[in-house]
> 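For reference, the structure I am asking about is given below.
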There are 2 protein chains.
Amino acid sequence: MADINVSLTARTGKSEPGAAPRLSPAPEGEPMLDLIELLFFAYRNFVSDPDEILHGFGFGRAHHRVLHFVNRHPGMRVTDLLDILRITKQSLGRVLRELVDQGFIDSRAGASDRRQRLLYLTPKGEALTQEFVAIQSRRLRRALEESGGDARDVVRRFLVAMIDPEDRSPTEKLIARADQAVEARSAARSRPAG
Amino acid sequence: MADINVSLTARTGKSEPGAAPRLSPAPEGEPMLDLIELLFFAYRNFVSDPDEILHGFGFGRAHHRVLHFVNRHPGMRVTDLLDILRITKQSLGRVLRELVDQGFIDSRAGASDRRQRLLYLTPKGEALTQEFVAIQSRRLRRALEESGGDARDVVRRFLVAMIDPEDRSPTEKLIARADQAVEARSAARSRPAG
DNA sequence: ACATTTATGTCAGCCATGTTGACTTTTTTC
DNA sequence: GAAAAAAGTCAACATGGCTGACATAAATGT
């Protein structure tokens with residue numbers, strides 16, 4: 001951030017030592033200004049890692065999101081992706097077409113319902129997605145290590161609680177289902193006769 | 001999220017009960033897929049609150065950021081804002097002009113260096129910014145309450161640790177300086193003779 | 001069988017917000 | 001008096017949102 005030199009109006013130095021403990025009673029509760037800003041800076045860095053890699057392919061943040069969720073839910077429908085991302089069909093269409101055209105995503109017609117296009121990562125897409133997961137996981141792991149023993153649970157609960165109440169349960173279910181599928185696939189790999 | 005119906009490939013139901021505890025040793029450490037996704041959903045909701053209000057004024061996310069940091073650092077220079085936001089002068093110029101034109105921000109020439117334009121919120125800008133702080137603080141407060149006793153400290157440490165190491169100290173100093181200025185101003189208000 | 005609905009895709013155009021590059025004006029500094 | 005710094009501006013472009021209108025194929029309901 002190149003050490004910012006904000007010349008404040010209040011240059012008086014230390015604030016009154018025994019200053020009255022908030023005479024204006026902050027009717028709405030304590031403002032969380034530090035957390036608001038930290039979340040901004042942290043998130044910016046968090047998404048910048050994949051951004052840089054993507055840029056080399058001529059892709060952007062939107063492509064990352066698509067790759068990520070297709071990786072997590074192989075065989076998902078286009079509609080499911082629209083529901084998760086909450087963007088329009090047209091917006092998704094653009095990035096999805098690029099990803100399919102350039103061989104990162106495979107779009108196959110559904111077996112039972114042939115109107116559906118089920119989305120899968122190609123090996124190429126899988127490799128790229130692994131990079132993103134790895135780099136973002138590394139950042140998260142390091143941050144949690146610096147934050148104390150049960151940080152992972154606390155942070156997880158905090159993030160869930162930051163989500164709009166009506167979205168929490170669907171979101172948690174979505175994550176659980178993806179995790180379960182990963183387990184199933186890796187179990188399948190360890191008994192290839194399966 | 002309207003309960004997403006992802007028909008997974010692995011429809012076998014419950015994953016092997018006594019499945020081997022990860023035969024592939026995850027060379028890069030445990031992937032933090034759940035946190036990656038929770039951060040995405042949480043941040044999206046977090047910024048959507050101000051977004052909706054802004055939309056009524058014909059403003060967007062970029063205006064929010066400018067208002068927020070000018071509120072935190074009254075009298076800051078344009079250069080300081082560019083350093084914090086890390087966008088180009090031209091991008092900032094557009095939103096700043098709109099905010100000044102519509103009377104949310106006051107831009108005054110510096111007293112000691114008259115090349116500088118020092119930025120202040122007008123009462124109108126201050127009122128709007130308070131709304132954003134209030135609504136985002138409320139979300140944060142509620143989330144912390146649901147996350148256990150020392151959640152605030154843990155989350156704060158976590159967010160700091162998520163920031164690129166070279167930016168941490170400047171960022172923390174920035175926040176500390178802003179907090180200190182707030183205290184100084186509110187102390188000044190409680191002794192108006194001052 | 002036929003009408004309707006669903007899933008997907010596509011064309012065209014608009015908006016917000018980022019970018020680069022070039023250039024000007026004012027003011028300070030060396 | 002030259003050089004550097006702070007700010008602003010014009011033009012052009014990219015990304016990724018959006019709306020509206022429409023097309024096609026396949027499933028579903030009566």
Side-chain angles (χ1 to χ4, degrees), chain A residues 2 4-7 40 44 47-48 50-52 54-68 70 75-101 105-119, chain B residues 2 4-7 40 44 47-48 50-52 54-67 70 75-102 105-119:
Chain A
I4 293 133
N5 181 16
V6 184
S7 48
F40 168 69
R44 180 169 70 181
V47 296
S48 75
D51 273 9
E52 283 168 37
L54 259 323
H55 196 254
F57 294 84
F59 290 156
R61 212 163 285 188
H63 302 81
H64 178 202
R65 295 198 269 261
V66 171
L67 289 169
H68 178 94
V70 172
M76 77 191 304
R77 297 173 305 162
V78 171
T79 307
D80 299 325
L81 199 43
L82 288 174
D83 255 2
I84 293 175
L85 297 177
R86 287 185 185 162
I87 57 176
T88 57
K89 195 172 37 161
Q90 296 90 326
S91 293
L92 176 58
R94 263 188 310 226
V95 306
L96 195 50
R97 187 178 344 125
E98 293 171 342
L99 288 168
V100 170
D101 285 355
I105 285 187
D106 197 9
S107 165
R108 306 204 276 266
S112 59
D113 184 336
R114 305 214 343 262
R115 289 171 307 178
Q116 300 174 347
R117 292 289 172 274
L118 307 187
L119 305 174
Chain B
I4 292 133
N5 182 15
V6 184
S7 47
F40 167 69
R44 180 169 71 180
V47 296
S48 74
D51 273 9
E52 283 169 36
L54 260 323
H55 196 253
F57 294 85
F59 290 156
R61 213 163 285 189
H63 302 80
H64 178 202
R65 293 188 204 125
V66 170
L67 289 170
V70 172
M76 77 190 305
R77 297 174 304 163
V78 170
T79 307
D80 299 325
L81 200 43
L82 288 174
D83 255 2
I84 293 174
L85 296 177
R86 288 185 185 163
I87 58 176
T88 56
K89 196 171 36 161
Q90 295 89 326
S91 291
L92 176 58
R94 261 187 310 227
V95 306
L96 196 49
R97 187 178 345 124
E98 293 171 339
L99 288 168
V100 170
D101 284 356
Q102 302 196 28
I105 285 187
D106 197 8
S107 164
R108 307 204 275 265
S112 59
D113 185 337
R114 302 206 353 254
R115 289 172 305 181
Q116 299 174 347
R117 291 290 174 276
L118 307 187
L119 306 173

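Quick caveat: nothing in here was measured; it's all calculated off a predicted structure. In what follows, every heavy atom counts, from backbone to side chain, and hydrogens, waters and symmetry copies are set aside.
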> Specify the residue among A/A62 and B/Q90 whose closest nucleotide of DNA chain D lies further upstream toward the 5′ end.
B/Q90
> The side chain of A/R97 lies closest to which of these nucleotides: D/dA6, C/dT10, D/dG8?
C/dT10
> Are the side chains of A/R117 and A/R108 in contact, using a 4.5 Å heavy-atom criterion?
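The answer is no, as the side chains (C-beta and beyond) never meet within the 4.5 Å cut-off.
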> Give a yes/no on whether any side-chain N or O of B/T79 is located under 4.0 angstrom from OP1 or OP2 of D/dA6.
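It does not, given that no N or O in the side chain of B/T79 lies less than 4.0 Å from OP1 or OP2 of D/dA6.
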> Name the nucleic acid region contacted by A/G60, choosing base, sugar-phosphate or nothing; use a 4.0 angstrom heavy-atom cut-off, strictly under.
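Counting heavy atoms under 4.0 Å across all strands, the contact made by A/G60 is with sugar-phosphate only.
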> Please tell me which of the listed nucleotides, C/dT17, C/dT27, D/dT19, lies nearest to the side chain of B/R115?
C/dT27
> Would you indicate which nucleotide in C/dA7, D/dG16, D/dA7 comes nearest to any side-chain atom of B/Q116?
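Of C/dA7, D/dG16, D/dA7, D/dA7 is nearest to the side chain of B/Q116.
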> From CD1 of B/I87 over to P of D/dA7, roughly how many Å is that when rounded to an integer?
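Rounded to whole Å, this separation is 14 Å.
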> Rounding to an integer number of Å, can you tell me how far A/L118 CG sits from C/dA7 P?
12 Å
> Take the protein atom NZ of B/K89 and the nucleotide atom C1' of D/dA5, then report the distance between them rounded to whole Å.
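So the NZ-C1' distance, B/K89 to D/dA5, works out to 10 Å.
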> Locate the shortest heavy-atom distance separating A/V95 from A/A62; write the atom from each residue and the value.
CG1-CB, 3.7 Å
> D/dC18 phosphate, OP1 or OP2: any side-chain N/O from A/S91 under 4.0 angstrom?
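Indeed, a polar side-chain atom of A/S91 lies that close.
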> Please state how far atom NE2 in B/H55 lies from atom C1' in C/dC14, giving the value in whole angstrom units.
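After rounding, the gap between these two atoms is 13 Å.
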> Compare side-chain N and O positions of B/R65 against OP1 and OP2 of C/dG18 and report whether any pair is under 4.0 Å apart.
yes
> Tell me: CE of A/M76 to P of C/dA7, nearest whole Å?
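About 14 Å, once rounded to whole Å.
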> Please tell me if the side chains of B/M76 and B/I84 come closer than 4.5 Å, counting only heavy atoms from C-beta onward.
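They are in contact (side-chain heavy atoms under 4.5 Å apart), so the answer is yes.
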> Does a side-chain N or O of B/R94 approach OP1 or OP2 of C/dT17 to a distance below 4.0 Å, or not?
no
> Do B/L85 and B/V66 come within less than 4.5 Å of each other through their side chains, counting heavy atoms only?
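Side chain of B/L85 against side chain of B/V66, heavy atoms only: contact under 4.5 Å found.
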> Grab the CG-C1' distance between B/L96 and C/dA16 for me, whole Å please.
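After rounding, the gap between these two atoms is 16 Å.
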> Figure out the CZ/P separation between B/F57 and C/dA16, and round it to whole Å.
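In whole Å, C/dA16 P and B/F57 CZ are 16 Å from each other.
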> Is the B/F59 ring parallel, tilted or perpendicular to the B/F57 ring (thresholds 30°, 60°)?
parallel
> Check whether any side-chain heavy atom of B/L118 sits under 4.5 Å from a side-chain heavy atom of B/R77, and report yes or no.
yes
> Does D/dG16 have OP1 or OP2 under 4.0 Å away from a side-chain N or O of A/H63?
yes
> Taking side chain as C-beta onward, heavy atoms only, is B/L92 less than 4.5 Å from B/T88?
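The answer is no; the side chains never approach within 4.5 Å.
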> Considering only D/dA21, D/dA7, D/dG16, which nucleotide approaches the side chain of A/R61 most closely?
D/dG16
> Tell me, do B/R65 and A/F40 make a side-chain contact under 4.5 Å, heavy atoms counted?
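Of all side-chain heavy-atom pairs linking A/F40 with B/R65, at least one is under 4.5 Å.
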> Within residues 105-114 of chain B, which residues have any heavy atom lying less than 4.0 Å from an atom of DNA chain C?
B/S112, B/D113, B/R114
> Whole angstroms only, please: what is the CG-C1' distance between B/L82 and D/dG8?
11 Å
